[in-house]
Protein chains: 2
Amino acid sequence: MRVIKKETDYALRALFFIKNNGGHADVSKIYSNMDIPRPFLRRILQQLAHAKILLSKKGKHGGFKFLRPFEKITLARLNEIFDKRLPPGECPFKNKVCINYKTCVLKGKLSKLEEEIYKMFENILIKDLWM
Amino acid sequence: MRVIKKETDYALRALFFIKNNGGHADVSKIYSNMDIPRPFLRRILQQLAHAKILLSKKGKHGGFKFLRPFEKITLARLNEIFDKRLPPGECPFKNKVCINYKTCVLKGKLSKLEEEIYKMFENILIKDLWM
DNA sequence: GTGATATGATATCAAAAAAGTATCATTATT
DNA sequence: AATAATGATACTTTTTTGATATCATATCAC
Ligand code: FES
Ligand code: FES
């Protein structure tokens with residue numbers, strides 16, 4: 001079972017590096033210190049900036065830093081950047097599975113299950129995954 | 001996020017059908033009543049038999065029936081047939097991610113997370129997903 | 001025992017998702 | 001204006017999932 005995907009994992013590591021680098025680093029710095037494919041890392045950092053976890057700055061002496069204190073970032077928050085959640089009650093299978101979509105109760109139960117997993121993730125701070 | 005895969009879903013439905021069919025059915029019967037690709041369904045039933053959820057019988061008047069009462073079958077039990085669990089403490093990524101496998105604590109935390117999800121699954125009876 | 005009928009085992013193929021790459025545009029510093 | 005960083009985004013490769021096909025084996029009716 002794959003709990004999180006590699007993007008989430010890489011993000012976790014990159015954030016850890018930034019924290020240890022005084023809260024600021026650029027792609028080159030992170031890349032030269034960790035075994036993450038550079039263009040992939042770049043895209044991940046961009047997504048973190050997009051998600052307002054990091055703040056990016058272009059040009060010389062640019063790079064990434066935390067937009068807000070990292071202590072409160074949860075796994076849920078990080079994970080949903082890279083592993084999109086279904087809208088509640090939506091069928092996780094590209095239809096055609098249930099005979100009747102309208103009367104199907106399973107899709108609700110499955111999305112409730114995802115909900116519960118996310119609740120679990122809400123209680124996990126990424127800083128605790130670093131230790 | 002994909003909580004269960006299609007195989008698990010199909011298995012769930014097939015078992016539901018068998019239950020409603022008096023606890024016994026063969027592939028043709030199930031196939032003609034549900035929208036599951038026949039050879040795929042066949043393989044899934046074989047796996048259920050292998051996992052001792054169903055008992056199979058070959059030849060004329062053969063088919064599948066529950067080996068034990070279905071009431072106690074959990075989602076955990078069903079899911080792990082189709083979505084193999086990592087051995088505890090094992091890295092979910094094909095190595096090369098952590099600088100030092102031996103000192104990595106993350107892999108343990110991730111496998112603990114899977115553990116917790118499974119605990120959740122242990123408390124879900126498949127019969128409750130049918131209702 | 002033989003033929004029909006069901007599953008067992010397993011190899012292969014196709015589609016989708018995840019992982020990884022490449023490129024050009026834009027902005028900040030000097 | 002030149003340089004050095006990220007932004008945006010399209011593309012390719014690899015892996016996983018979903019689906020198929022085939023032959024072997026067991027059971028039953030006759
Ligand atoms: S409609 Fe998708 S599970 Fe029922
Ligand atoms: S070795 Fe895989 S997560 Fe650390």
Side-chain angles (χ1 to χ4, degrees), chain A residues 1-11 13-14 18 21 24-32 34-65 67 79 81-86 92-97, chain B residues 1-14 18 21 24-32 34-65 67 79 81-84 86 92-97:
Chain A
M1 187 184 218
R2 184 214 48 146
V3 182
I4 63 168
K5 45 206 269 195
K6 255 185 175 176
E7 278 172 299
T8 306
D9 175 76
Y10 286 163
R13 291 165 201 275
I18 292 170
N21 198 51
H24 179 279
D26 67 10
V27 175
S28 299
K29 191 81 193 289
I30 303 171
Y31 173 66
S32 63
M34 354 192 34
D35 193 16
I36 301 176
R38 190 182 163 121
F40 198 28
L41 169 63
R42 209 149 110 58
R43 220 184 44 186
I44 288 166
L45 290 165
Q46 284 181 20
Q47 290 178 89
L48 290 172
H50 206 119
K52 314 248 195 221
I53 285 181
L54 295 177
L55 185 69
S56 71
K57 194 176 151 200
K58 292 176 179 177
K60 199 159 195 173
H61 308 133
F64 298 86
K65 65 178 181 186
L67 181 59
N79 191 62
I81 296 168
F82 305 103
D83 203 349
K84 283 282 165 258
R85 297 176 71 165
L86 298 173
F93 307 106
K94 305 267 166 62
N95 44 5
K96 297 246 283 180
V97 179
Chain B
M1 186 184 220
R2 186 213 46 147
V3 182
I4 62 168
K5 47 207 269 195
K6 254 187 176 174
E7 276 173 299
T8 307
D9 175 76
Y10 286 163
L12 198 58
R13 292 163 201 276
I18 292 170
N21 199 51
H24 180 280
D26 68 9
V27 174
S28 299
K29 192 81 193 288
I30 302 171
Y31 173 66
S32 62
M34 355 192 32
D35 193 16
I36 301 176
R38 190 184 163 119
F40 198 30
L41 170 63
R42 210 151 111 57
R43 223 186 42 186
I44 288 166
L45 290 166
Q46 282 182 21
Q47 290 177 89
L48 289 171
H50 206 119
K52 313 247 195 223
I53 285 181
L54 295 176
L55 184 69
S56 70
K57 195 176 151 200
K58 290 176 180 178
K60 199 158 196 173
H61 308 132
F64 298 86
K65 66 178 182 187
L67 181 59
N79 191 63
I81 297 168
F82 304 103
D83 203 349
K84 283 281 165 258
L86 301 173
F93 307 108
K94 305 267 167 63
N95 43 8
K96 295 246 284 178
V97 179

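Within every chain, numbering begins at 1; the chains are lettered A, B, ... in the order of the sequence lines, protein sequences first and strands thereafter. Small disclaimer: the values here were computed from a predicted structure and weren't measured.
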- line: So the contacted stretch of DNA chain C, first to last nucleotide with an atom under 4.0 Å from a non-hydrogen atom of chain A, runs from dA17(C) to dT30(C)

task: Report which part of the nucleic acid P37(A) touches: base, sugar-phosphate, or nothing (heavy-atom distance under 4.0 Å, all strands).
output: sugar-phosphate

message: Whole angstroms only, please: what is the CG-P distance between D35(B) and dG18(D)?
response: 15 Å

- request: Please figure out whether L41(B) or D83(B) has its closest DNA chain D nucleotide nearer the 5' end.
  value: D83(B)

field: Inter-residue atom distance I44(A).CD1 - F82(A).CZ, 0.5 Å rounding
entry: 5.5 Å

message: Please report the distance, rounded to the nearest Å, between CZ in F93(B) and C1' in dT14(D).
response: 16 Å

task: Would you indicate what R43(A) reaches in the nucleic acid, counting non-hydrogen atoms under 4.0 angstrom: base, sugar-phosphate, or nothing?
output: base

statement: When rounded to whole Å, the CZ to C1' distance for the pair F40(B) and dT22(D) reads 18 Å

Strand-adjacent residues in residues 46-61 of chain B, judged by heavy atoms under 4.0 Å from DNA chain D: K57(B), K58(B), G59(B), K60(B), H61(B)

task: Could you tell me whether Y10(A) contacts a base, only the sugar-phosphate backbone, or nothing, with contacts defined as non-hydrogen atoms closer than 4.0 Å?
output: sugar-phosphate

query: What integer distance in Å separates I30(A):CD1 from dA5(D):P?
result: 13 Å

Whole-Å gap separating P (dG18(D)) and CD1 (I81(B)): 15 Å

